[in-house]
Student: 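Pasting a structure below so you can have a look.
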Amino acid sequence: MNTTENGLTVAVLASALDRWADRMEAAADELNALDGRLGDGDLGATLAKCAQNIRAIRPGLDNSGAGDGGTGDGDLGQAFKACAMACSKASGSSFGTLLAVAFLTAAKATAGRTSLPCSELPQLLGDILGALSSRGGAALGDKTVLDPLDAVREALAALDAGERSDTAAQHGAATRATDRTIEIFRNKPNRIGRARMFAERSVGLDDPGMIAFRHMLESLRPVRP
Amino acid sequence: MKKILNNPADYVDEMLDGLVAAHPESYRRLGETGRVIARAGGPVQGKVGIVSGGGSGHLPTFTGYVGPGLLDACSIGNVFAGPSVGDCVDAMRAADGGAGVLRLYGNYGGDRMNFDMAGEMLEMEGMETTSVLVADDVASAGPEERAKRRGVAGLIYAYKIAGAMADRPGATLGEVTAAARKAVSATASIGVALTPCIVPESGRPTFSIADDEMEMGMGIHGEPGIWRGPLRRADEIAGEMLDRLLADTGIGRGERVSVLVNSLGATPHEELYILYRHLSRRLADAGVAVAVPLVGRYATSMEMAGASLTLLRLDEELEALLRAPASCPFWSM
C-alpha cells in the first residue's frame, strides 16, 4: 500500500487503485491461464471485472472529503466500503468476493477516519486475514492467497520503527516475503477449493491467487512525488 | 450435448426472460445484472422479507418459489454457480419491507460466503438481517455433523414454513428466523441418481455412471453419495431411502410427517408415484401418519434421472404453517 508520512488517505488510496486497476487488466490473460490449469480459468476475468467496477467508483473518491472541490481526505471507511461494493458485483471466481471481504474489513477498521498510519498496517492485515479465513474457510498452509498475506503481515510487523514509516522499505519487505512464500508453496499441494480435487497435479504449480496477490503488490509500489 | 438452447452463454438470462414473460403477474426481474427475481407487486411493507438464491439448473428451486406465502426475492447465478454478492445485495433490497430480511438458502460454501457478505454490507446500512442455512441431505454428513449437510429438496419446506410465519400479522424477524430453523431441524432428505446431467456452459456431464448403475445418496450437483451399484427395483430403492431417513431422524409410531417425493429432472411422475406407493404403505405399517404429501418436480438437477425423498416431522405449529395459503406458478397451497 502506498502511504505517505501521514499514512493512508483517500487521495493515496485513489491513486493506488488506478495503478491496481491497470495491472489487473494487464494481468488478466496470464491469471486466466494459470487458473485454467486447476480451476475455472476465470480468475483474471473476475479481477478485470473488479478493476472495471473500481474505475466506475473512482470519481466519487476524488470528490470525497470536506470542501466543495473535494480534498481527497474524506472518510477512509466510506472509500473502502465503495471498493467492497464494486468488487462484490463481479461474479465468477470467489476471489472477487474475497477482495470484497478484504475491502469491507478495511472499511470497518477505518470507519470515520481520514488516515491510517503505516504502523497500523500489520494489525489491519491481521484483521483481513481473519475475515478471509472465516468467510472463505481456508486456513494458513492451504496454499492460498492467505499465505503470502500472512507473510507480508509478519514482515511488516518485524520492521523497526524507522523502516515502518518508510514506504519503500515496507514495500521491499512485503515483496521479499511474497516471493519467498510463492517459492515455498510451489511444490506443495493445494488443500482447498477446486484445486484440492487435483491436489497432486497442483504440486509444482504456483497458486493463481498468490500470483494475483504478487501483481497487486507490485502495482502498489510507492511512487515518489 | 443435446439441449434446447440458443447460446450456452445466454442460457440463464434467456430462461429468466421467459420465466418473467410467462408469469408477469408473479415475477419481476431486477438487479444491476438482472439476476434477481422478486414478487411482481414489490416488497410487502411491514412484513419480514425472505430471500433465497443459488445456482440455476434446479427449477422450480430457487426463483420459482417467489410468491405470496413463500419467498420475496431470489438471486440467481449461472447453472450450478452461485449468485454474486451484488446480486444477493440487490435481492435483499428487493425483499425489504422495513421489518428485516431473512436469508434462507442451501448450505454450500460459495453461497454462504456471498450471502453473508451481502448481509454484512446491508447491516452497515442499518438493515436488520438474519441467516438460516438449509442442511437436510443425510447422505452428505452424519447426524453428529448436521450443520455440514448440504441443502437439497428440504429447502422448499423451509421456504413454506418461514413464508407462512412471515405472513402472520406482526411476525418479527426473530419469529420468522426461529420458524425457519425449526423447519430445517425437522427436515431430512436423501437422493438417488440414475444418470448425470450436462451443464450447458461447460457442455460436459457432471459425472459418469454405467447404464445399469444407480448411486444412493448423490447430491443435486453430482456430489458423491453413499454407494454405487446395480439399479434396484423401485420398492427396494424407496425402502432404503425411507429406512435411512427414519434411522437418521428417529421418526416413529404415532408421529405425523409431510413427505416429498421429488424428481431430479428426468424421472417422470409415473415413477415418483411408484415410489410413493411403497413409501405410503411402509409409513402406514410403521404407524407414521402422512399429512400434505408432495409428489413432483420441486428441486431438480437439470435433466438428471433420479429422485429424492424428504420427510418433514410435523408438530401442530409446523403443520398449521405448512397448510397456510401460499402460491407461486409452481406450487400453491
Side-chain angles (χ1 to χ4, degrees), chain A residues 36 39-42 45-46 49-50 52-54 56-57 75 77-112 127-128 130-139 142 144 192-194 196-197, chain B residues 9 12-13 16 30-36 53-56 75-93 107-127 131 133 147-148 199 201-204 206-207 221-224:
Chain A
D40 281 358
D42 60 0
T46 303
K49 180 73 181 150
C50 287
Q52 189 189 329
N53 293 349
I54 290 275
I57 58 145
D75 185 336
Q78 289 299 325
F80 277 125
K81 171 135 189 285
C83 294
M85 281 289 189
C87 291
S88 76
K89 287 174 188 158
S91 56
S93 164
S94 56
F95 209 93
T97 303
L98 291 174
L99 259 181
V101 170
F103 278 128
L104 196 66
T105 307
K108 285 182 174 170
T110 59
D127 291 350
I128 289 173
L132 292 178
S133 182
S134 71
R135 279 269 183 272
D142 284 350
T144 70
I192 194 166
R194 196 175 303 251
R196 175 180 49 104
M197 296 188 267
Chain B
V12 171
D13 288 309
L16 293 173
L30 297 172
E32 239 182 86
T33 57
R35 292 299 184 88
V36 173
S56 291
S75 52
I76 189 81
N78 286 336
V79 174
F80 297 174
S84 74
V85 179
D87 298 330
C88 297
V89 166
D90 290 343
M92 291 177 72
R93 288 211 169 106
N107 186 25
Y108 296 92
D111 292 338
R112 205 169 57 224
M113 184 161 82
N114 290 1
F115 268 111
D116 282 356
M117 184 68 187
E120 205 171 302
M121 286 177 160
L122 290 170
E123 278 164 14
M124 284 174 84
E125 294 178 5
M127 188 189 283
S131 180
L133 296 171
K148 288 191 179 171
V199 175
E201 289 96 332
S202 77
R204 289 191 298 270
T206 45
F207 59 94
H221 311 94
E223 295 95 337

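Remember, predicted model here, so these are calculated numbers, not experimental data. Throughout, protein chains are lettered first and strands after them, A, B, ... in sequence-line order, and every chain is numbered starting at 1.
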Student: Could you state the interatomic distance from CG (B:Asn114) to CZ (A:Arg135), rounded to the nearest 0.5 Å?
Tutor: 10.0 Å
Student: If you measure from CD on B:Glu120 to OG on A:Ser88, what distance do you get to the nearest 0.5 Å?
Tutor: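 Here the rounded value is 12.0 Å.
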Student: Please evaluate residues B:Met113 and A:Leu98 with respect to the criterion side chain to side chain contact (heavy atoms under 4.5 Å, CB included), reporting the C-alpha separation (whole Å), side-chain torsions for both, the decisive distance (0.1 Å), and the verdict.
Tutor: CA-CA 9 Å; B:Met113 184 161 82; A:Leu98 291 174; 3.8 Å; yes
Student: Does the side chain to side chain contact (heavy atoms under 4.5 Å, CB included) test come out yes or no for B:Thr33 and A:Lys89, once each step is laid out?
Tutor: CA-CA 9 Å; B:Thr33 57; A:Lys89 287 174 188 158; over 6 Å; no
Student: Check whether A:Ala84 gets within reach of chain B through its side chain, its backbone, both or neither, counting any heavy atom under 4.5 Å.
Tutor: both
Student: Is atom CD of B:Glu32 surrounded by more than 12 heavy atoms (other residues, nucleotides or ligands) closer than 6.0 Å?
Tutor: no
Student: Examine whether an atom of B:Glu201 lies under 4.5 Å from a heavy atom of chain A, and if so say whether it belongs to the side chain, the backbone or both; otherwise answer neither.
Tutor: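 Neither part, no heavy atoms under 4.5 Å.
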Student: Would you name the heavy atoms of A:Leu104 and B:Met124 that are closest together and state the gap between them?
Tutor: CD1-SD, 3.4 Å
